Amino acid sequence: MKKQVTLWQDYFKGIWEINPAFKQILGTCPTLAVTATVENGIAMALATTFVLTFSSFIISLMRKLIPSQVRIASYIVVIATFVTIVDLVMKAQFPELSKSLGPFIPLIVVNCIILGRAEAFASKNGPLRSVLDALGNGTGFLIALVALSAIRELFGSRSVLGLQILPDTFEPMIVMILPAGAFITYGLLLGFSNTLAERKKRIAQEELVRKYKPVQKAGSEEIISQEA
Amino acid sequence: MELFIIFISAAVVNNFVLAYFLGICPFIGVSNKLSSASSMGMATTFVMVLTAIVSYLLYNFILVPFGLEFLQIPSFILVIASLVQFVEMVIKKISQPLYRALGIFLPLITTNCAILGLALFISMRDYNFIESVIFGVGAGAGFTLALVIMAGIREELELADVPKGFRGAPITLITAGILALAFMGFAGMI
Amino acid sequence: MSLFSFAKKTFRGGVHPFEHKEMTENLAFEIMPDPPTVIVPLSQHIGKQATPIVKKGSVVSLGSVVAEPQGFVSIPIHSPVSGKVMNIHREPNTSGYPKDAIIIQTDTTIEGSEKFEPLNYETISGEAIRERVRIAGLVGQGGAAFPTFIKLSPPDGKKIDYVILNGCECEPYLTRDYRLMLEKSEDVVVGLNLIMKAVGVENGIIGIEDNKPEAIEKLKGVATRFKNIKVEVLETKYPQGAEKMLIRACVGREVPPGKLPMDAGVIVQNIGTATAIYDAVVKGEPQLYAALTVTGKGINSPKNLMVKVGTPLQEVLDYCGGVKEEAVKVIVGGPMMGIAQFDFSAPVMKATSGIVVLTKEEVNEHPETPCLKCGKCIEACPINLVPTKLSRYSQLERYEDAEDLNITSCMECGTCTFTCPANIPLVQWIRLGKQKVIELQKEKKTA
Amino acid sequence: MKTAIHMIATLLIIGAISGGLLSGISNWADPLIAMNKQKATEEAIFLVQPEGKSYEHLNAPGVEIYKVFDGSNKPIGYSLAYEGNGFQGKIRVMVGLSSDLNKIVSMEVLEQVETPGLGTKVTESHYKDQFKNLVTVPSLNWVKEGTAPKENEVIAITGATISSKAVVAIINDGMTKLRKLQQGGKL
Amino acid sequence: MSTPTANPVYKLELTSSPHVHSRWNTKQAMWLVIISLLPPVVASVLFYGFYQLFVILVSVGVCVGTEALIKKARHKEVTISDGSAAITGLLLALILPPNFSLFFTAIGAIFAIAIGKEIFGGLGYNIFNPALVGRAFLQAAFPVAMTTWAIPNFSDAVSKATPLAAFKFEKITADLGAMFMGNISGSIGETSGLAVLLGGIFLIVIGVVNWRVPLAMVLGVIVFGGIFWLIDPSKYPNPFFHLLAGGFMFGAFYMATDWVTSPLTGKGMWMYGGGISLIIVVIRLFGGLPEGVMYAILFMNGFVPLINKYTKPRVFGEVK
Ligand SMILES: Cc1cc2nc3c(=O)[nH]c(=O)nc-3n(C[C@H](O)[C@H](O)[C@H](O)COP(=O)(O)O)c2cc1C
Ligand SMILES: Cc1cc2nc3c(=O)[nH]c(=O)nc-3n(C[C@H](O)[C@H](O)[C@H](O)COP(=O)(O)O)c2cc1C
Ligand SMILES: Cc1cc2nc3c(=O)[nH]c(=O)nc-3n(C[C@H](O)[C@H](O)[C@H](O)COP(=O)(O)O)c2cc1C
Ligand SMILES: Cc1cc2nc3c(=O)[nH]c(=O)nc-3n(C[C@H](O)[C@H](O)[C@H](O)CO)c2cc1C
Ligand code: SF4
Ligand code: SF4
Ligand code: SF4
Ligand code: SF4
Ligand code: FES
């Protein structure tokens with residue numbers, strides 16, 4: 001029973017608690033670069049998840065065999081191998097998509113999410129948990145990329161996933177699919193998610209104060225006003 | 001003139017950070033203090049130039065002749081990793097103060113996609129040797145420029161009343177967005 | 001504007017507040033009658049407070065010594081009236097912190113007064129001048145109340161080239177130095193000559209702002225009789241009277257941060273200090289009077305007064321017709337550097353130069369907004385600091401950054417606060433930060 | 001010493017496995033990739049020469065030029081691939097030309113990184129259709145909207161004058177090179 | 001120790017020195033800027049008609065409203081009466097093309113205040129000029145609408161192209177006299193050089209605007225533009241064309257001089273003004289875009305913190 005819980009935990013924490021794009025602020029470059037359309041965003045997230053999952057799996061299997069001095073180098077080779085596989089497959093089967101993602105597929109190699117999870121999790125845990133962790137982080141990354149690209153595509157091209165949503169009278173805001181729009185949208189999303197998280201924390205804290213100091217009403221107010 | 005254009009294009013018009021989204025992590029991570037930003041910029045520029053040279057040689061004299069292009073990604077990344085190690089060792093030998101200034105930034109550079117991106121661009125665009133070097137210098141200068149501007153702004157913002165949730169990465173991204181708007185003025189100059 | 005003023009001698013920066021000197025500049029000094037009681041603080045100077053040599057109930061005569069100096073940086077204190085010692089204890093003080101004081105009830109029936117032997121200023125030796133200045137208990141009249149005899153005894157090895165008399169009176173409203181220069185021109189110049197003799201210096205300069213043409217005229221006339229004394233006309237600008245600025249304007253030297261004027265080979269004394277030296281040497285009088293201006297739109301009849309040291313502020317205000325209802329501030333000193341008062345039983349001291357009573361309209365206060373980065377404070381700071389950053393660092397308790405930006409060089413002239421359109425209390429924050437930085441520096445030294 | 005051997009051995013083994021795996025996959029992928037590329041080029045060549053049925057890659061220095069033949073193997077003209085700077089970056093075009101090089105059959109934009117919604121309008125038909133039957137002598141020219149174009153002129157897109165101008169300039173550039181080749185009898 | 005006999009008769013303030021203050025305050029400076037903008041406002045209505053007044057009203061209204069909302073949401077004092085948001089709105093409207101959509105205007109105004117100003121903490125903390133941030137956003141979002149010009153009233157011109165666009169794309173140099181009076185197309189506020197000069201000189205004379213920045217820009221553009229003109233007068237326009245064309249004057253007097261986003265020190269202001277003019281000339285002569293004043297000012301805004309840091313004045317008495 002307990003094990004069940006931790007396994008779920010391994011998967012779910014990647015979605016919000018340690019969401020790579022919103023909490024760890026890793027993998028920023030692809031997050032910004034490929035989110036002009038939802039299609040690209042999803043493709044990028046899937047490619048990343050693929051590499052992340054397989055390399056986590058392999059690295060977790062080999063974790064006891066690799067001497068720690070050449071740890072990073074070995075990880076990089078493993079990751080680079082999977083990235084090359086993705087790159088070649090995409091080029092062979094989806095030439096259009098491969099073109100629009102540009103150099104960002106090869107760059108998955110240096111995406112810090114992958115090396116980060118390899119170092120922080122896969123090198124210390126068994127294959128099952130590592131794969132779940134990788135899938136969780138991949139899902140978190142996917143959610144973030146979809147959120148970002150949906151906003152950008154909606155305002156920048158009036159559509160989501162190629163389907164026109166906003167009416168023709170709405171002039172598309174080209175800036176949203178330009179670098180500036182990417183930075184600003186990501187910044188705003190991040191800011192609002194932080195604000196939300198902070199408010200949650202504050203409310204929880206107030207709750208605690210109220211619970212444990214039911215008599216000192218004035219005192220609790222003071223703490224709140226200090227927070228604000 | 002061609003070389004000058006490559007330089008300006010890499011440094012300003014198609015700035016790696018603000019137009020190509022490469023090296024955003026160090027851009028966000030190391031831009032909170034001016035001193036570390038300029039050190040990081042210099043270290044990265046140095047590694048970029050070396051990478052440009054080595055990856056040009058590797059690609060054109062080993063991978064292509066032997067039909068090993070599919071090993072491009074693993075070999076580039078290994079080369080970069082060993083280059084950084086090598087640079088670290090050399091700096092440690094020749095100058096302790098420089099090592100202390102740059103030391104902690106060097107390992108970070110290994111996982112900096114701007115460097116790998118640079119190597120990939122060089123092979124993709126068929127630059128010749130001199131062009132590759134100039135491209136490396138330009139990209140490094142552009143990276144340093146963006147990093148240093150941002151560090152200056154962030155030191156200033158520490159004194160500002162930025163909403164709590166927006167401090168740190170969010171305001172940095174938004175500032176980068178406005179900077180990217182400003183850099184658009186240089187479009188079409190290449 | 002500042003483009004056209006390069007011809008006149010001055011320093012970089014500064015501001016020009018409304019002067020408002022017209023209220024008192026044409027009023028001659030009146031001598032205020034002795035008050036019923038005087039409160040004589042034991043510390044009216046920088047340095048250790050003096051030790052009382054009288055007790056409760058002692059009878060003292062005018063000019064007799066009531067407290068002896070304690071240590072080197074200290075001075076004796078003389079009784080400003082004849083009377084009986086009522087008590088010796090803590091009393092309110094114009095500095096805002098209560099201080100030990102001797103309270104004397106005036107008794108005009110007590111006969112006699114003590115004076116020194118008058119000396120001939122042409123034949124007197126430097127040594128004798130210094131000794132007279134010491135026993136007469138003179139302190140600088142420029143505001144800091146530094147014991148004057150110490151300034152007159154520079155350590156061996158320091159070569160002093162100039163003595164500058166500070167006749168700027170750059171604070172708005174105040175006209176004490178101006179009236180002294182007009183009414184006692186002779187004493188001022190002779191006083192300067194005595195200072196030059198005491199420190200063995202050849203060159204004397206009297207620096208006067210160009211808003212005081214009559215004083216310039218008069219002193220130039222008297223100075224022609226003396227070799228090596230000249231009058232420099234300076235641009236009217238606050239804080240022209242600050243030592244470092246004055247030295248820069250008159251002789252073009254800059255006193256480095258943390259150094260004293262004598263390190264630049266200059267000694268600066270106030271006009272009032274010069275007349276006090278004259279009185280002590282030539283007339284043999286210890287310092288019993290404070291010359292001061294009582295002014296501002298909040299006082300009924302502004303005056304220039306000679307007031308006995310130890311007179312409570314309330315007495316002085318009452319003598320000048322009392323405070324108007326619309327007054328919002330009563331300041332001892334000038335409006336730029338002075339200290340706002342809440343307790344009018346605090347006494348006038350040796351170095352008190354004025355009491356300014358301001359109304360709301362004169363204070364010109366507006367709500368504070370965040371810094372607008374207009375740069376006016378930087379342009380105005382005579383020390384070339386960056387007040388906006390210093391105050392913000394101090395506010396955010398980033399004292400190390402403040403130290404790096406030389407917060408300790410600030411002379412707290414208040415020019416920055418005066419000029420700031422955002423109405424930020426810059427110097428107030430800087431003062432706080434400066435104290436903290438100095439504390440931290442001390443801690444570091446002892447650690 | 002033992003750890004050193006261990007280290008090197010590990011790396012070598014990982015490297016060998018990776019190399020083997022990749023060479024396998026690349027053996028499978030390379031022909032596909034090459035085919036994709038080939039197909040794309042071919043499509044473009046015939047897109048600008050609708051009558052074309054076969055082509056021949058001419059070996060000309062500095063330009064990518066194809067001679068195009070119709071069903072009866074009669075040469076009907078050329079397809080020229082050429083590139084130059086647009087507003088944001090490189091623009092690559094394919095131009096179908098008559099055999100005497102004096103007329104454009106049709107024009108296609110292969111690659112561009114112009115601003116979406118602005119410069120990308122050069123790929124839309126109302127712009128590129130203007131190039132059909134355009135006279136290339138003495139050279140192409142462009143005019144602003146509201147002006148009647150001559151037989152060698154195209155109307156620039158409002159808001160994307162720079163990109164429109166760039167396409168014209170790129171074609172002119174390519175034509176200059178071609179004419180030199182033509183004079184040298186190399187076509 | 002005696003108890004202090006606090007005087008009950010007077011309401012005394014016990015703040016520390018200095019006890020007097022100059023006539024300057026934030027609100028007054030801002031309202032003076034608004035007054036100084038009257039000539040360009042009048043000129044815009046004269047040249048392009050009454051509709052422009054609606055654009056101005058929408059822009060000002062939305063800016064002020066956005067600022068009030070954000071301050072409320074952050075539980076801060078609502079400070080719209082200081083006039084700074086109104087200036088942003090006014091300036092934003094004046095640098096838009098004639099007959100601009102009111103909806104787009106509102107979007108620009110929201111962006112200017114929310115992203116250009118309040119996200120940095122509001123008045124005094126923003127790094128970039130809010131009105132220009134708003135315009136740069138609009139330019140990038142709706143480039144076609146932002147480059148659609150109109151022919152001003154009283155003009156006998158036939159082309160809607162701005163002098164800069166005409167120069168860039170057709171190599172036509174406009175008549176300098178017409179450019180000064182305003183008989184040329186352009187953004188509604190920048191059209192008349194005369195009106196801008198009137199307001200700008202007013203600001204300099206009353207001391208709101210520091211003269212160094214406009215002077216540095218004017219000298220800079222004459223020098224940098226002049227160098228290219230001397231190199232090849234047939235290819236590059238004469239420097240006075242640069243001076244009168246586009247938003248140069250408007251930028252130099254009203255926008256580069258924004259206290260908040262320009263350097264603190266005199267030396268810094270020279271560098272800043274010079275940098276702006278260099279970038280303007282480079283963009284105009286070599287860039288893809290016809291005009292670069294907005295980009296140049298925004299770019300140099302980004303440098304201001306660095307400039308401030310390295311032009312810190314020498315502390316009095318310190319030897320370097
Ligand atoms: C901001 C500032 C303004 C000053 N203005 C004057 C002034 O106007 N006149 C003056 O005599 N002293 C002024 N002083 C004091 C002088 O710096 C200096 O201490 C004094 O002239 C020394 O003379 P003393 O020892 O006789 O007082 C000022 C000091 C400061 C910090
Ligand atoms: C601790 C201390 C020691 C001083 N020592 C001397 C001295 O030896 N010689 C001298 O001429 N002035 C000396 N000064 C006086 C200063 O130069 C200066 O005149 C005094 O602080 C008053 O300046 P102000 O009125 O500008 O504030 C000393 C001041 C202080 C605070
Ligand atoms: C965000 C942005 C993107 C732009 N993208 C393009 C572009 O892709 N192609 C182009 O020719 N001009 C582009 N421009 C340039 C302007 O639209 C320029 O003013 C226009 O090309 C001039 O054309 P006009 O004379 O029809 O106004 C862009 C401008 C901006 C602000
Ligand atoms: C001289 C002066 C110029 C100004 N220029 C601008 C400007 O160009 N754009 C703007 O949004 N606000 C301007 N303001 C208003 C205000 O300073 C600006 O909104 C701040 O940047 C907000 O923090 C100006 C204010 C002054 C005093
Ligand atoms: S490693 Fe590169 S891709 Fe990954 S987040 Fe860092 S900078 Fe971006
Ligand atoms: S009051 Fe201040 S400014 Fe005036 S003379 Fe005295 S020290 Fe100087
Ligand atoms: S108070 Fe200090 S910081 Fe302010 S102007 Fe005077 S010396 Fe400069
Ligand atoms: S004078 Fe005030 S508003 Fe201006 S820069 Fe200094 S602190 Fe800021
Ligand atoms: S106030 Fe003008 S010089 Fe003192």
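Just so it is clear: chains get the letters A, B, ... in the order the sequence lines come, proteins before strands, and each one is counted from 1. All of these numbers come straight from a predicted model, not from anything done at the bench.
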**Student:** Could C:K244 and C:F11 be counted as a cation-pi pair, given that NZ or CZ must be under 6.0 Å from the ring centre and within 45° of the axis?
**Tutor:**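 Verdict for C:F11: no cation-pi partner in C:K244.
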**Student:** Kindly compute the distance separating OG1 (E:T261) from CD1 (E:I297), expressed to the nearest 0.5 Å.
**Tutor:**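 These two atoms lie 8.5 Å from each other.
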**Student:** Looking at C:T359, is its backbone amide N or carbonyl O close enough to the side chain of C:K329 to form a donor-acceptor pair, meaning the two atoms are under 3.5 Å apart?
**Tutor:**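 No, C:K329 side chain to C:T359 backbone: no donor-acceptor pair under 3.5 Å.
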**Student:** For the pair C:E254 and E:R314, find out whether any cationic side-chain nitrogen is under 4.0 Å from an anionic carboxylate oxygen.
**Tutor:**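 Salt bridge between C:E254 and E:R314, a charged N being under 4.0 Å from a carboxylate O: yes.
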**Student:** If you count heavy-atom pairs within less than 4.5 Å of chain E, which of C:C413, C:C377, C:P370 leads?
**Tutor:**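 Heavy-atom pairs under 4.5 Å are most numerous for C:P370.
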**Student:** Quick test of your reading of the model: are C:E365 and C:K360 salt-bridged, counting only N-O distances below 4.0 Å?
**Tutor:**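 No, C:E365 and C:K360 are not salt-bridged.
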**Student:** Of the listed residues (C:K259, C:E326, C:M336), which shares the most heavy-atom pairs with chain E below a 4.5 Å separation?
**Tutor:**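 Result: the option with the highest number of such pairs is C:M336.
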**Student:** Under a plain distance cut-off of 3.5 Å, with no hydrogens placed, do C:Q341 and C:T94 share a side-chain donor-acceptor pair?
**Tutor:**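 No, no side-chain donor-acceptor pair sits under 3.5 Å.
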**Student:** Describe, in one word, how the ring planes of E:F137 and E:F111 are oriented to each other, choosing from parallel (under 30°), tilted (30 to 60°) and perpendicular (over 60°).
**Tutor:**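 The arrangement is parallel - the two ring planes meet at less than 30°.
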**Student:** Testing E:N129, E:I204, E:V209, E:N210 for side-chain contact (heavy atoms from CB on, under 4.5 Å) with E:T257, which one passes?
**Tutor:**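 Running side-chain contact (heavy atoms from CB on, under 4.5 Å) over E:N129, E:I204, E:V209, E:N210 with E:T257 returns exactly one hit, E:V209.
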**Student:** Taking every heavy-atom pair that is under 4.5 Å apart, which of C:T415, C:V363, C:L358 has the most such pairs with chain E?
**Tutor:**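 When all of C:T415, C:V363, C:L358 are compared, C:V363 has the most.
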**Student:** Tell me, side chain or backbone of C:P382 under 4.5 Å from chain E's heavy atoms, or both, or neither?
**Tutor:**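 Interface part for C:P382: backbone (N, CA, C, O).
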**Student:** Below 6.0 angstrom between ring centroids: does that apply to E:Y254 and E:F250?
**Tutor:**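 Yes, ring centres under 6.0 Å apart.
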**Student:** Checking C:S409 against chain E: side chain, backbone, both or neither under 4.5 Å from a heavy atom?
**Tutor:**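 When you check distances to chain E, only side chain atoms of C:S409 fall under 4.5 Å.
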**Student:** Select, from C:A422, C:G338, C:C371, C:G13, the one with the greatest count of heavy-atom pairs under 4.5 Å involving chain E.
**Tutor:**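 With the most close heavy-atom pairs to chain E, the winner is C:G338.
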**Student:** At a heavy-atom separation under 4.5 Å, does C:I339 approach chain E through its side chain, its backbone, both, or neither?
**Tutor:**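 Backbone only.
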**Student:** With a 4.5 angstrom heavy-atom cut-off, could you sort out which part of E:S262 is near chain C: side chain, backbone, both or neither?
**Tutor:**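 It is the backbone, since no side chain atom gets that close.
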**Student:** When only pairs under 4.5 Å are counted, which of C:N364, C:L385, C:V356 shares the most heavy-atom pairs with chain E?
**Tutor:**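 Sorted descending by pairs with chain E, the first entry is C:N364.
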**Student:** What part of C:R12 lies closer than 4.5 angstrom to a heavy atom of chain E: side chain, backbone, both or neither?
**Tutor:**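 Neither the backbone nor the side chain of C:R12 comes within 4.5 Å of chain E.
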**Student:** Checking heavy atoms, do the side chain of C:V255, its backbone, both or neither come under 4.5 Å from chain E?
**Tutor:**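 Just its backbone gets close to chain E.
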**Student:** Highest number of heavy-atom pairs under 4.5 Å with chain E: which of C:C374, C:A264, C:G414?
**Tutor:**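 Among C:C374, C:A264, C:G414, the one with the most close pairs to chain E is C:C374.
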**Student:** Please identify, among E:S16, E:S17, E:G268, E:G122, the residue contributing the most non-hydrogen atom pairs under 4.5 Å to chain C.
**Tutor:**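 Greatest number of close heavy-atom pairs with chain C: E:S17.
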**Student:** How far does OG of E:S36 sit from CD1 of E:I201, to the nearest 0.5 angstrom?
**Tutor:**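 One gets 12.0 Å once the value is rounded to the nearest 0.5 Å.
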**Student:** With a 4.5 angstrom heavy-atom cut-off, is it the side chain or the backbone of E:D82 that approaches chain C, or both, or neither?
**Tutor:**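 The answer is neither part of E:D82.
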**Student:** Please classify the contact of C:N406 with chain E as side chain, backbone, both or neither, using a heavy-atom distance under 4.5 Å.
**Tutor:**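 Side chain only.
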**Student:** Scan side-chain atoms only and decide if E:S84 and E:K117 contain a donor-acceptor pair under the 3.5 Å cut-off.
**Tutor:**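 Their side chains do contain a donor-acceptor pair, which is all the 3.5 Å distance test asks for.
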**Student:** Name the option with the most non-hydrogen atom pairs under 4.5 Å to chain C; the candidates are E:V208, E:L123, E:N308.
**Tutor:**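 Top count of heavy-atom pairs under 4.5 Å with chain C: E:L123.
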**Student:** With a 4.5 angstrom heavy-atom cut-off, is it the side chain or the backbone of C:L372 that approaches chain E, or both, or neither?
**Tutor:**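 For C:L372, the contact with chain E is made by backbone and side chain together.
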